[in-house]
Structures are given as structure tokens and as C-alpha cells.
Q: 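Dropping the structure in here first, questions after.
In what follows, every heavy atom counts, from backbone to side chain, and hydrogens, waters and symmetry copies are set aside. Residue numbers begin at 1 in each chain, while the letters A, B, ... track the order of the sequences.
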Number of protein chains: 2
Amino acid sequence: MCAFLKNKLSIYIVDDHQIMIDGIKALLLSDDRFYVSGQNTSPLKALEEIEKNRPDILITDINMKELSGIELAKKIRRLFPDLKILALSMHDDRATISDMLEVGINGYVLKNTGMEELKSALLRISNGQLFFSEDVTAEMMKAISEPRNPLQKQNVSLTPREIEIVKLISMELNNAGIGEKLFISERTVETHRKNIFRKTNTKSVAGLIKLAIEQHII
Amino acid sequence: MCAFLKNKLSIYIVDDHQIMIDGIKALLLSDDRFYVSGQNTSPLKALEEIEKNRPDILITDINMKELSGIELAKKIRRLFPDLKILALSMHDDRATISDMLEVGINGYVLKNTGMEELKSALLRISNGQLFFSEDVTAEMMKAISEPRNPLQKQNVSLTPREIEIVKLISMELNNAGIGEKLFISERTVETHRKNIFRKTNTKSVAGLIKLAIEQHII
DNA sequence: AAATTTATACGTGCTGGTGGGTATTTTTAT
DNA sequence: ATAAAAATACCCACCAGCACGTATAAATTT
């Protein structure tokens, strides 16, 4: 089951974009240290296949429609604790990185880095080491060096109602419009709004929307 | 210079994400009908290289930070009218599609389709035909069947200064703060703001920020 | 059963942004 | 050289949202 025994690393790929899968596959195919044991554009189907397939390393995208990479990684960690996970992402935003680290992934590389880096990531991970892209490491360093800035990694736990409000704000509705839509008073909307800004520690709609997008609320 | 003469299609790839370039390259490499004459993660550098390189087909991503695929395609169309352009995008939103069609691209495939489709797109385009992914075609059909809906195709071409303003808005600065930072009057910021909202056809900061994130402006 | 969270709602004063303009200078494109 | 686009700046009236509050019913959690 390990790389040493069969002399090839067994890789499973999950990515929303078939073309990305095809690309990675083609590249690994030409390198006899790797073997692509399977792939899927659907995280859920991938979970089933992994059960039978038992690869060494899972390469997963993070921003997937069906199930986020974070959720997938969580499930994987629970079901197959030994399976190594390498996150492959477009973004190096702190929230996502820290979410993934918390889940306990083994590596995080950005899509804007080359394939060589991906290969070394795979090799290092298979050795039990961790691997992070330079930009990701930099972001982590920054997070550490800024002792306890107000932005923390606070879990922005909005209530369902508040999330609804955020969604409507993002749809360019004003308080009156939101009230109408939810059959509540404009005053109530104002109160929700206040609470949302307080909780998210944002001071303008701009910040709120950025956060909401980062956290995949909208 | 054409595919028939040298029996290989010369392809140039532009994409923000090196890993995507690497993937496509690896795949085309294994097919002797294609030849990757060059690639770049920077649209601007690509433009220079294409001048010398003169490929048959340019594969370009659409959502790039430096220069959007739309802008790149426009420049290409003006400078090298014979060069075929194949857009490769994550999104099938109507605005982008119609922008690209207007510029006069030769094909549009989505990243969530397989590599085989990419290959046939390349072959058909080299024959002077057009090629569009199924989803893209569907979106076009829908657009036609819905006679003249209000959503039109707005060109979101913000000026450099306006983009600067958008960035500062997204950083939760108010007009006064922005003016201070850019050494301009608060009145000027107000004017920029007005123009930005008019151009982007957004009516609140929420919409603007969403758009800005979509378009990778921030 | 008690405590907490969530969702509801109102008042008031202030200010920052909106929408309506107009206009000049500088830069870029033709 | 000239037209067009971009960047600069101001005026005025209006009101939506913010910052302070306070308060109560309903649902959840402990």
C-alpha cells in the first residue's frame, strides 16, 4: 500500500474541471514514479471510489460546487486517516488555508505554480512530510507574525436568518427591500445588519461581501 | 504557416495558472497533430512572443489578473487577424460569452469539459470552423430565445484610476479616506464612484464588490 | 426549569453616500 | 492636429444607513 512496496505512488484526482484532471493525469503518466489510480469531477462519487481504490494520495481542488474541498477533506480524514491529502487551489486566502490546515491536510499547492512543484509535493507528502507552496507559506508566516490582529480566525458564526440577510444584501437590496422580501420590519433588518457587522467585524458592505465570498456564504 | 503545410498545428497557450498550461501542454505533446510553440502566464509577454512565434491557434484563459482574455483577444484580433483564438474558461456566463463573440473569437470551451473536446475544438478551428462547448451553445440559444432582456451585455471596462478606487472601496475605506490616500479631493472620489457604478451597472457596493471579485479586479 | 440565543421591533440624531448636475485639465487615440 | 477618454473638482438636496440605544417573544441549549 505504500510507495516503497509497489514503487509507484498511487494518486487519485478530484477536480471540478475535467480538463484540469486530464492535464494532471497526462503529466503524471509520463513519470513512472506516479500512477493515477482514479479521478472524478464529483467529490461524492470520488468518496465511493476511494473506498475501493485506496490510493496513497488524494489531489483535490478546493472550490468545487458539489462539496467544497474542505468538506471532502474532513470526510476523508474521518474515513481514511492514512490517506494523504494534497489541496490544489486557485486562492491563497488565509481563511481557506487555515480551514484546510485545521482539517489536517498534508500539502497545499497553488494552481499558478508549475507541475514540477506538484511532483515534489507528491513525493514529499508520500514520505510523511508536509508541503506548502511558497505563497501559502508566506501567508501562514504573515498570519503568525501579526500577533493577534482583530481579524483572528474567528468563526463567523452567523445565524441562518443573518445569512439570509447577507445574501439579500449581496443581491443589492436595501433594507426596505429585504424587509419586504422576508415579511419583516425594516427595523428588524437594521438590527440584523448591525449584528452582522459586529459579528463579522466588518465596517462596510465591501468588507462584508468579501468575507461572505471567502467563506462561501454567498 | 498553416496546419496543412507543416502537418502540425502550432499552438500557443496563455493561462494565469502554470499548472493548467503544463497540463494542456503535456496532453497535446502526446498527440502528433499538435505542437505547442510557446506559452506564458503573462498575457502581455505572450503578445510579444506571439509576434515572433506566429502560432496557428492561441488558447487563452479568460479570467486573468494582468489583462483579461477579452482584452487580449481584442489586441490579437487587431495585430494578427489571422491568428485563431480559442477561449478556455471556467465560466459560462452570458456577459463573458457575448463579449468574446463580439471580439470575434473562433471557439469557446469550458474547463469542465474533457481534453478530447479541446482537441476537436482545435482541429475544427484550424479548418476555419467555429467551436463552442455544449453549455456555451446552450447559453447562446437561451440568450437568443429571450428577446431583449434587461441584462444586455455591459462592457465593464474600468479605467486604471477607477480600478484603484474600487480596490480602496473594497478595503473598507470611505470617500474621505480614499481621497486622502490618492491625494485627490473627496469630490473627485465621488465622481469616480458615480462613474464606476454607472459603468458596472451595479447599484450598491455589494454588487460592485461581487463583480470586482468575479472579474479579478481585487 | 433556567439560561442563552435568535428573531423580532422601535426611536432619534447624524453623516456619508446617492443622484442630479456642470466643467476644466490632462492624457490617449486617431 | 483633433477628437475622445480619463482624471480632476464642485454644488445641492435628500435619505439610507449607522451608532447609540431599548425591549420582548420564541426557540434552543444546558
Side-chain angles (χ1 to χ4, degrees), chain A residues 150 154-212 215 217, chain B residues 44 47 67-68 70-79 81 99 103 154-212 215 217:
Chain A
Q154 86 271 43
N155 241 3
V156 209
S157 64
L158 297 180
T159 68
R161 196 55 157 179
E162 284 164 353
I163 289 176
E164 239 177 315
I165 307 269
V166 172
K167 280 181 183 160
L168 293 172
I169 292 175
S170 84
M171 289 161 98
E172 305 199 317
L173 270 75
N174 58 14
N175 289 348
I178 294 172
E180 227 172 280
K181 196 137 199 167
L182 298 181
F183 305 107
I184 56 175
S185 149
E186 200 178 329
R187 303 293 131 170
T188 311
V189 180
E190 275 172 17
T191 306
H192 282 307
R193 225 182 155 111
K194 255 184 297 186
N195 292 333
I196 291 168
F197 279 120
R198 188 180 35 75
K199 280 188 183 179
T200 58
N201 199 28
T202 50
K203 65 178 282 299
S204 81
V205 180
L208 177 62
I209 298 293
K210 278 203 298 177
L211 191 88
Q215 316 261 314
I217 289 172
Chain B
L44 293 175
L47 265 173
L67 187 72
S68 84
I70 294 158
E71 293 303 318
L72 177 63
K74 262 189 205 159
K75 285 189 200 295
I76 294 278
R77 265 291 152 271
R78 192 148 33 91
L79 298 171
D99 275 348
V103 175
Q154 84 271 22
N155 236 3
V156 212
S157 64
L158 296 181
T159 67
R161 196 54 157 180
E162 284 164 354
I163 288 175
E164 237 175 318
I165 306 271
V166 172
K167 281 181 185 160
L168 293 173
I169 292 176
S170 84
M171 290 160 95
E172 306 198 316
L173 270 75
N174 60 12
N175 289 348
I178 295 173
E180 225 173 282
K181 197 138 199 167
L182 300 179
F183 305 108
I184 56 177
S185 149
E186 199 178 329
R187 307 276 154 260
T188 311
V189 180
E190 277 172 16
T191 306
H192 281 307
R193 225 183 155 111
K194 261 183 289 189
N195 292 333
I196 290 168
F197 280 122
R198 188 179 34 74
K199 280 188 183 179
T200 57
N201 199 28
T202 50
K203 64 180 281 303
S204 79
V205 179
L208 177 62
I209 298 295
K210 276 204 299 178
L211 192 87
Q215 317 261 317
I217 288 171

Q: Closest approach of A/Ala206 and B/Ser170, non-hydrogen atoms and distance?
A: CB-CA, 3.9 Å
Q: Test B/Arg198 against every option in B/Asn195, B/Asn201, B/Thr200 by the side-chain hydrogen bond (donor to acceptor under 3.5 Å, both in side chains) rule and name the one that passes.
A: B/Asn195
Q: Taking the minimum atom-to-atom distance to the side chain of A/Lys199, which one of C/dA9, C/dT6, D/dC18 wins?
A: C/dT6
Q: Per the salt bridge (charged side-chain N to carboxylate O under 4.0 Å, His left out) rule, what does the pair list look like for residues 170-183 of chain B, sequence neighbours excluded?
A: none
Q: Would you mind reading off the distance between A/Arg161 atom CZ and D/dA25 atom P, rounded to a whole angstrom?
A: 19 Å
Q: From C/dG17, D/dT8, C/dA9, pick the nucleotide closest to the side chain of B/Ile184?
A: D/dT8
Q: Could you point out which residue of A/Lys167, A/His192, A/Lys199 forms a side-chain hydrogen bond (donor to acceptor under 3.5 Å, both in side chains) with A/Glu162?
A: A/Lys199
Q: Quick one: A/Arg198 CZ to C/dT5 C1', roughly how many Å, whole number?
A: 12 Å
Q: Is any side-chain N or O of B/His192 closer than 4.0 Å to OP1 or OP2 of D/dA7?
A: no
Q: Mind calculating the distance between CG (A/Leu182) and P (C/dT8) to the nearest angstrom?
A: 8 Å
Q: CD of A/Glu190 versus P of D/dA23: gap in Å, rounded?
A: 18 Å
Q: Does a distance-only test, which skips hydrogens and angles, find a donor-acceptor pair under 3.5 Å between the side chain of B/Lys194 and the base of C/dG21?
A: yes
Q: Could you work out which one of D/dA9, D/dA6, C/dT8 sits closest to the side chain of B/Thr159?
A: D/dA6
Q: If you round to the nearest 0.5 Å, how far is CD1 of A/Ile209 from OG1 of A/Thr202?
A: 9.5 Å
Q: By nearest nucleotide on DNA chain D, pick out whichever of B/Pro160 and A/Lys203 is the more 5' one.
A: B/Pro160
Q: Report the distance from atom CZ of B/Phe183 to atom P of D/dA9, rounded to the nearest whole Å.
A: 12 Å
Q: Charged N to carboxylate O under 4.0 angstrom, A/Arg193 versus A/Glu190?
A: no
Q: Which nucleotide in the set C/dT8, C/dG17, D/dC18 lies at the smallest distance from any side-chain heavy atom of B/Asn174?
A: C/dG17
Q: Once you round to the nearest 0.5 Å, how far does OG1 of A/Thr191 lie from CG of A/Asn175?
A: 10.0 Å
Q: Heavy atoms only, 4.0 Å cut-off, all strands: where does A/Thr188 land among base, sugar-phosphate and nothing?
A: base
Q: Quick one: A/Asn175 CG to C/dG11 P, roughly how many Å, whole number?
A: 16 Å
Q: Distance check needed: D/dG21 P versus A/Arg187 CZ, whole Å only.
A: 18 Å
Q: For C/dC10, does the base pair up with any side-chain atom of A/Thr191 as donor and acceptor (N or O, under 3.5 Å, distance only)?
A: yes
Q: So if I take the C1' atoms of five pairs at each end of the helix from C/dA1-D/dT30 to C/dT30-D/dA1 and get each local axis, what angle do the two axes make, rounded to 10 degrees?
A: 80°
Q: Please report the distance, rounded to the nearest Å, between CD in B/Glu162 and P in D/dT8.
A: 10 Å
